[in-house]
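Quick note on labels: first sequence line is chain A, next is B, and so on, each numbered from 1.
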Amino acid sequence: MRTSWADSADNSANGSGNSNAWAPRAAYVPPHLRNRTMSSEAPAAAAAGTAVAASLPANDRVNHGGSIPHHGGYFKADNGRQGYGSGFQSGGGGGWNGRGAGRDRGRREVNPFENDEAEEQSLGEQENTGINFEAYDDIPVETSGENVPPPVNTFAEIDLGEALNQNIQRCKYVKPTPVQRYAIPISLAGRDLMACAQTGSGKTAAFCFPIISGIMREQYVQRPRVARTAFPLALILSPTRELSCQIHDEAKKFSYQTGVKVVVAYGGAPINQQLRELERGVDILVATPGRLVDLLERARVSLQMIRYLALDEADRMLDMGFEPQIRKIVEQMDMPPPGMRQTLLFSATFPKEIQRLASDFLASYVFLAVGRVGSSTDLIAQRVEYVLESDKRSHLMDLLHAQRENGISGKQGLTLVFVETKKGADALEHCLCVNGFPAASIHGDRTQQERELALRSFKTGITPILVATDVAARGLDIPRVAHVVNFDLPNDIDDYVHRIGRTGRAGKMGLATAFFNESNLSLAKPLADLMQEANQEVPAWLTRYAARAAYGGGNRNRRSGGSRFGGRDFRRDNSTNKGTDYYGGSGGGGYGNYGGGYGQGVTSAWD
DNA sequence: AAAAAAT
């Protein structure tokens, strides 16, 4: 008994008619018939696709709503001016009548767990069998730096504070994940940290818990009184708007009833609402770089009280595209220097040259790498197929078609398709819709509203296929992504790692399929190596390409020959980079092969 | 060459 979107599409095709059927009849036609039917069937299918697309906004409430309560409707116009800053800072400037005392007392804190409970009940998903934590005893972990604080085994061992402990329970986190076991005590000890841990391994909580706990202790700190300027104590930066939203949502849960106020700021959304939130007081500011720079230049935010700086996807934040902005924020505004603040850098991948850059921001830091066992790549079955550029579309539809027939993992699974360009994303989305595959797309040329809508309709299964550029490659935690297709492979193996990390999360299995052809030669070697290390079957033809690339010139890849994932502390790397045993433990799996569906349900302490 | 990120 299947409950996938395919069924509902079939059902509506078979009759009842008035639902938003994607495909009135089978719009998808096997490749060998496609030319013939295109002319006669395409118009109808296209019309259906348009109709559905048009109906989507109607189903979803206002913009910016949904999973991002901040922009949603709970914000009544008439209480928009209730609180005033955080007692310490706004001091009644700009015409605010000081009614409340202290921070934001006037407003009831929205319970961020409400939705979760409702969702859980409606899904009836009580499969909390948990992750196989025993396997984690074997996880290879490397720490380096001076006087590294020892790891903990339970949350109870750490004094995070009562309120935070309660939230951890509400989140149903039973035991800390490996990265949390190490990173939390290191951070609580006040140390700077550079942490490499697998995608989906609980990084967000790993840096949020110590920050929230630290701020709970320091809430009394006096902040300057500058009208309309916010003085956050912690700053969390991430490379995409959606990721910042996600971090904000999680941080709200962790900080519920702790008195710690979390605000998010990012581009593409009206700035006024964000300004209002900032005026109400902020302890933890989650932001994307561009909008933050804007706020800093308007002097609506000052970084002079920053005690904690966290960079999520830190390697991306410091790559060529972002580095100048990050330097500006961290080094050229009023943020306290390393040593006067605590800096936490997290990513699943950390190339050496980026580590070198990053060390500018750190003071006597601890390097932490949590190995591969139990991380998502062990849970992801990786396949590579040789597909000519001209065959990609039909091949993808064949895959999707087969998936629809068989059900990819028992339940409705979502499929995330990565392409290289924004135009390519639009084109492929259109192509899929026209052929009866319910797809949405997300990329940086779409409005923020469209991006959030696409993500939401994907998450909810309205469009169980999402075509995406790398905007969706990192950090996003989308439950039930069963299949990641690299329609166009990235040029960088790290990007591949992040992309496939959108599946196989929180201990669930995932499948990743890549389309490889002559234009991906430079990836042959690193991809073959990666797959081999993950105990995946490497096709012979790929091995041949890899061998050719090895001395042919293709391999200017950063971590060539080094240990996979995260990598080693570059401070230790005195040319001998044997790295081998580093991730040894896996020894053939322990998780079985792909195909199991979604067994465990420990909600995401992961990422 | 591309993507992301402010207006």
Side-chain angles (χ1 to χ4, degrees), chain A residues 64 71 235-248 263-275 277-278 285-301 303 311-330 332-333 347 349 351 354 389 416-429 441-452 454-455 466-476 486-499 502 517-523 554 556-557:
Chain A
H64 304 301
H71 306 271
L235 176 63
I236 300 173
L237 292 173
S238 94
T240 66
R241 298 164 181 173
E242 287 77 11
L243 185 52
S244 280
C245 285
Q246 179 182 302
I247 295 168
H248 170 252
V263 173
V264 67
Y266 56 88
I271 199 169
N272 284 337
Q273 223 155 5
Q274 295 173 6
L275 289 172
E277 287 293 328
L278 289 167
L285 177 57
V286 184
T288 49
R291 177 55 61 89
L292 177 60
V293 168
D294 188 5
L295 292 168
L296 291 168
E297 284 171 350
R298 297 180 189 214
R300 299 301 295 259
V301 169
L303 301 177
L311 302 191
D312 199 9
E313 309 298 338
D315 58 332
R316 165 64 81 237
M317 301 303 282
L318 294 171
D319 80 5
M320 289 201 325
F322 275 118
E323 198 212 348
Q325 272 179 304
I326 301 301
R327 280 201 188 277
K328 172 163 189 173
I329 292 166
V330 177
Q332 292 155 31
M333 304 303 289
S347 182
T349 53
I354 303 282
E389 211 58 42
L416 182 52
V417 183
F418 282 105
V419 296
E420 198 57 24
T421 66
K422 294 180 272 201
K423 280 175 86 171
D426 284 335
L428 184 57
E429 178 206 12
S441 77
I442 185 168
H443 61 70
D445 275 355
R446 310 203 65 186
T447 67
Q448 192 55 26
Q449 200 175 324
E450 290 171 323
R451 286 165 58 157
E452 284 169 20
L455 198 53
L466 182 67
V467 182
T469 61
D470 270 332
V471 70
R474 283 170 173 261
L476 294 188
N486 273 291
F487 187 90
D488 301 317
L489 273 164
N491 296 316
D492 187 323
I493 191 67
D494 284 349
D495 292 333
Y496 174 85
V497 170
H498 285 276
R499 286 179 177 187
R502 295 317 100 212
N517 62 40
E518 304 282 338
S519 61
N520 309 116
L521 291 182
S522 70
L523 205 66
R556 39 154 188 67
N557 207 284

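Within the 4.0 angstrom heavy-atom criterion, only backbone atoms of the sugar-phosphate kind lie near A:G444; the bases stay farther away. Among the atoms of the strands shown, only primed sugar atoms or phosphate atoms (P, OP1, OP2) are found under 4.0 Å from some heavy atom of A:V471. At a threshold of 4.0 angstrom between heavy atoms, the contacts of A:R298 with the nucleic acid are absent.
The shortest distance between the side-chain N/O atoms of A:K422 and the OP1/OP2 oxygens of B:dA4 is below 4.0 Å. Residue A:R241 places at least one side-chain N or O closer than 4.0 Å to OP1 or OP2 of B:dA6.
One atom, NE2 of A:H443, and another, P of B:dA4, lie 8 Å apart when rounded to the nearest Å. The distance between atom CG of A:L292 and atom C1' of B:dA4, rounded to the nearest whole Å, is 16 Å. As rounded to whole Å, 17 Å separates atom P of B:dA5 from atom CE of A:M320. Per the geometry, CG belonging to A:D495 stands 9 Å off C1' belonging to B:dA3, to the nearest Å. To the nearest angstrom, P of B:dA5 lies 13 Å from CG of A:L237. Rounded to whole angstrom, the span from the CG atom of A:D494 across to the C1' atom of B:dA4 amounts to 16 Å. Between the P atom of B:dA5 and the CD atom of A:E297 lies a distance of 18 Å, rounded to the nearest Å. The CG atom of A:D445 sits 10 Å away from the C1' atom of B:dA3 (whole-angstrom rounding).
Distances from the side chain of A:T469 to the nucleotides B:dA2, B:dA4, B:dT7 place B:dA4 closest. Comparing B:dT7, B:dA5, B:dA1 by their closest approach to the side chain of A:F322 singles out B:dA5.
Exactly one of A:D315, A:T240, A:D312 qualifies for a side chain to side chain donor-acceptor pair (under 3.5 Å) with A:R474. That residue is A:D315. Exactly one of A:D492, A:D470, A:D495, A:D494 qualifies for a salt bridge (Lys or Arg N to Asp or Glu O under 4.0 Å) with A:R316. That residue is A:D495.
Side-chain contact check for A:Q246 and A:E242: no donor-acceptor pair (N or O, by modelled atom type) lies under 3.5 Å.
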Please walk me through it: do A:Q273 and A:E277 pass side chain to side chain donor-acceptor pair (under 3.5 Å)?
CA-CA 6 Å; A:Q273 223 155 5; A:E277 287 293 328; over 6 Å; no
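Comment: A:D426 does not engage A:K422 in a salt bridge, judged by the lack of any side-chain N to carboxylate O separation of less than 4.0 angstrom.
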